[in-house]
A.B. asks: 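Dropping a structure here in structure tokens format, bear with me for questions.
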Amino acid sequence: MGVAFSMRLLTELSGVWTDFSDDLDAAGSALNLEYGIDGNGPEDLVAGSGVLAYLLKNHARNSLGLQGAYSPLHANKRAGWGFGDQVKAIFNYSAVDYTKFRGKVRVIDPESGRYRSQRVKVVAYDHQHDLIETDVREMAVQVNKTEAESIEAVLDAIPAEAQPPARDIDAGVDVYPYSADDIRGGVKAATLIKDYVVSAQGLQATRGDGTFIYRTRHARALAVSQGTFNETMVRLEVPSSLEGAFNLVRATIRPKTVDPSPTTVLWAQTGGAPEMAPGETVTIWGNYSDPADPQVRIGGVDPIEALVAGTDYSANSAANGSGADLTSSLSVVCEAFGTTAKFVVTNVGAAALFRTSLQVRGRGVYDLGAQTIQSYEAEDYGVRPYDIELRYQDDAVVAQGLADYVRTTRQTLAGQIRSMSFLANESDYLMLQALNREIGDRITVTETMTGLTLVDAFIQKVKFEVSTGPRLVCTWGLAPAAAGSLKILDNAVTGVLDAAACRLGYA
């Protein structure tokens, strides 16, 4: 029989969390949820969209007694129900609640046919999905900031409705002289966050309760195992080819250079002088480029937002500038960001004018070009290369340590596990492990037929399959953890090389 547990599905209707559990159509299919990081390669460090899928009763035997209560276009639609509603999946075991999914409704798909099953398929995505969809444009270049501080800046730069409900971010371990100088006209928040995470070799995901987490490479390297599994799994996947083995790792960094004074024209109006009618307002975005080569995009720091009339903008009664100077009739408000500037331009005069010039000045940030560091050790299987782009890393010593670390953990298939599944409600221990473990936690696995003995792995992905009974199958996507103990120098606790099995981690 196993241990007993229960589950609730809550939906926020007009600001009130409402229990939808009675309207789950358990006869149709199981409730399924998953979240975390797809894959377990060296750069699989940032989560994708988490998904919760379930069926609701859309017939008159639901809790409202209304046919069509969960069809968005039906006259009987439940008040407050619709796209964007917040949802939670909460599991209760031994009188303790565990939130294992929080997100927003994105798909509501009613089955047609008034005499058929009358169900509605619902799909919700977690808050990581908001980061995947949302653009970052209005963000300054980050100067001498850690990767963690810069990740916070990314979250702060997006609309409030796209921000995660909670944050749990480790203090950063790297300081980048200049970053976010290459986002051009805009980039997805998750993409920019991944650039920081990969550069620092940390980990970012959204927990089941909706909390945004970032873990540094030091925290991961020094993490202790939080669960041991010995022949308790129903499925175990280990590598069956050399696809995940690499003995040549190349890490590429991109140092930057910056203009000494804020006199560089980061962007300037090109083309013919546009005409503006009296009272007309236009909004213009300009992407920074190298004055010496306008095809090369650059970043900018210390932009001069207080534009100077006659220097940074001008207007004339003639398109070629031969008429009367009407610059005083031009109002320009500038907001300058890391790679782009926004101008709100208004003709406040009584006559039509031609805007003959417009620009913003500051200090340009330039990419000096790639530098690649490698780590190699010969293997009988030949050469298996892997290239990592560290977009914001400029420290060659860190890059070398990263390359060495990735090679030593990926050089052979020994100790690599892809995924593991177990019946959570088979025992108290397994149930508590399923409910308490999260992305980034470290576990230990032993399994006879695959030859795994006390092998450590990091949880990359969490998947729950709930079926009638109830029965809960938990699946974890896994990534390899370094064998033995790692020592991080300049750390009072872990900086002493006093164990025979220890190896240096990279700073």
Side-chain angles (χ1 to χ4, degrees), residues 135-143 153 157 177-187 192 254-349 351-369 391-392:
D135 287 325
V136 177
R137 189 172 191 176
E138 300 176 3
M139 179 176 168
V141 169
Q142 301 297 292
V143 181
Y178 298 95
S179 65
D181 58 297
D182 56 354
I183 62 177
R184 309 299 177 241
V187 64
L192 184 52
R254 292 187 170 275
K256 308 289 173 61
T257 187
V258 183
D259 289 326
S261 59
T263 57
T264 300
V265 176
L266 302 175
W267 177 86
Q269 172 183 302
T270 58
E275 184 175 5
M276 295 186 66
E280 181 181 359
T281 297
V282 295
T283 300
I284 302 159
W285 288 87
N287 296 321
Y288 306 159
S289 61
D290 188 339
D293 185 356
Q295 300 302 312
V296 177
R297 300 298 188 189
I298 63 172
V301 294
D302 300 330
I304 301 173
E305 294 182 316
L307 302 187
V308 178
T311 299
D312 296 314
Y313 64 92
S314 61
N316 198 277
S317 62
N320 62 6
S322 62
D325 185 350
L326 298 178
T327 301
S328 61
S329 295
L330 204 60
S331 168
V332 183
V333 177
C334 174
E335 286 185 272
F337 306 103
T339 61
T340 187
K342 177 184 177 183
F343 305 87
V344 179
V345 184
T346 304
N347 179 357
V348 297
L353 56 77
F354 292 90
R355 189 181 72 247
T356 51
S357 69
L358 181 65
Q359 68 177 28
V360 64
R361 292 168 291 148
R363 293 196 297 143
V365 180
Y366 308 86
D367 188 331
L368 292 177
R391 187 175 294 275
Y392 297 135

A.B. asks: Rounded at 0.5 Å granularity, tell me how far CG in Leu192 sits from OG in Ser179.
C.D. replies: 8.0 Å

A.B. asks: Counting C-beta onward and ignoring hydrogens, is there a side-chain heavy-atom pair between Met276 and Leu330 closer than 4.5 Å?
C.D. replies: yes

A.B. asks: Within the distance-only criterion (no hydrogens, no angle test), does the side chain of Asn347 pair as donor or acceptor with the backbone N or O of Ala277 below 3.5 angstrom?
C.D. replies: yes

A.B. asks: Taking the side chain as every heavy atom from C-beta outward, state whether Leu358 and Val332 have any atom pair closer than 4.5 Å.
C.D. replies: yes

A.B. asks: Can you name the closest pair of heavy atoms from Phe354 and Ala273 and give their distance?
C.D. replies: CD2-O, 3.5 Å

A.B. asks: A side-chain contact here means heavy atoms from C-beta on lying under 4.5 Å apart; do Met139 and Phe337 qualify?
C.D. replies: no

A.B. asks: Return a table of donor-acceptor pairs under 3.5 angstrom between the side chains of residues 258-268 and protein atoms on other chains or two or more places apart.
C.D. replies:
| from | atom 1 | to | atom 2 | distance (Å) |
| --- | --- | --- | --- | --- |
| Asp259 | OD1 | Tyr366 | OH | 3.4 |
| Asp259 | OD2 | Thr264 | OG1 | 2.6 |
| Asp259 | OD2 | Gly364 | N | 2.9 |
| Asp259 | OD2 | Tyr366 | OH | 2.8 |
| Ser261 | OG | Thr263 | OG1 | 3.3 |

A.B. asks: Is a side-chain N or O of Gln269 found less than 3.5 angstrom from the main chain of Arg355, in a donor-acceptor match?
C.D. replies: yes

A.B. asks: Taking C-beta and beyond as the side chain, do Val282 and Phe343 meet within less than 4.5 Å on heavy atoms?
C.D. replies: no

A.B. asks: Got a donor-acceptor contact below 3.5 angstrom from the Gln142 side chain to the Ala140 backbone?
C.D. replies: yes

A.B. asks: One pair to check against salt bridge (Lys or Arg N to Asp or Glu O under 4.0 Å): Asp367 and Lys256. What are the steps and the verdict?
C.D. replies: CA-CA 5 Å; Asp367 188 331; Lys256 308 289 173 61; 5.7 Å; no

A.B. asks: Any side-chain donor paired with an acceptor under 3.5 Å for Ser331 and Thr346?
C.D. replies: no

A.B. asks: Considering all heavy atoms of both residues, which atom of Gly349 and which atom of Pro278 are nearest to each other, and what is their separation?
C.D. replies: O-CB, 3.5 Å

A.B. asks: What closest approach, in Å, do Thr340 and Asn287 show between heavy atoms, and which atom pair accounts for it?
C.D. replies: OG1-OD1, 3.2 Å

A.B. asks: I need the minimum non-hydrogen distance between Val360 and Cys334, along with the two atoms involved.
C.D. replies: CG2-SG, 4.1 Å

A.B. asks: Quick one: side chain to side chain donor-acceptor pair (under 3.5 Å) pairs with a partner in residues 312-325, sequence neighbours left out?
C.D. replies: Asp312-Gln359, Asp312-Arg361, Ser314-Thr356, Ser314-Ser357, Asn320-Ser322, Asp325-Thr327

A.B. asks: Evaluate the side-chain contact (heavy atoms from CB on, under 4.5 Å) criterion for residues Val187 and Asp135: first the C-alpha distance (whole Å), next the side-chain angles of each, then the deciding distance (0.1 Å), finally the verdict.
C.D. replies: CA-CA 5 Å; Val187 64; Asp135 287 325; over 6 Å; no

A.B. asks: Do Ile298 and Val365 have side chains that get closer than 4.5 Å, going by heavy atoms?
C.D. replies: no

A.B. asks: Mind running salt bridge (Lys or Arg N to Asp or Glu O under 4.0 Å) on Arg297 and Asp182 for me, showing each step along the way?
C.D. replies: CA-CA 8 Å; Arg297 300 298 188 189; Asp182 56 354; over 6 Å; no

A.B. asks: Identify the two heavy atoms, one from Pro291 and one from Pro294, that lie closest to each other, and give their separation to 0.1 Å.
C.D. replies: O-CD, 4.3 Å

A.B. asks: Do you know the tightest heavy-atom contact between Ala157 and Val136?
C.D. replies: CB-CG1, 4.2 Å

A.B. asks: Would you check if the side chain of Tyr178 reaches a backbone N or O of Pro255 as a donor-acceptor pair within less than 3.5 Å?
C.D. replies: no

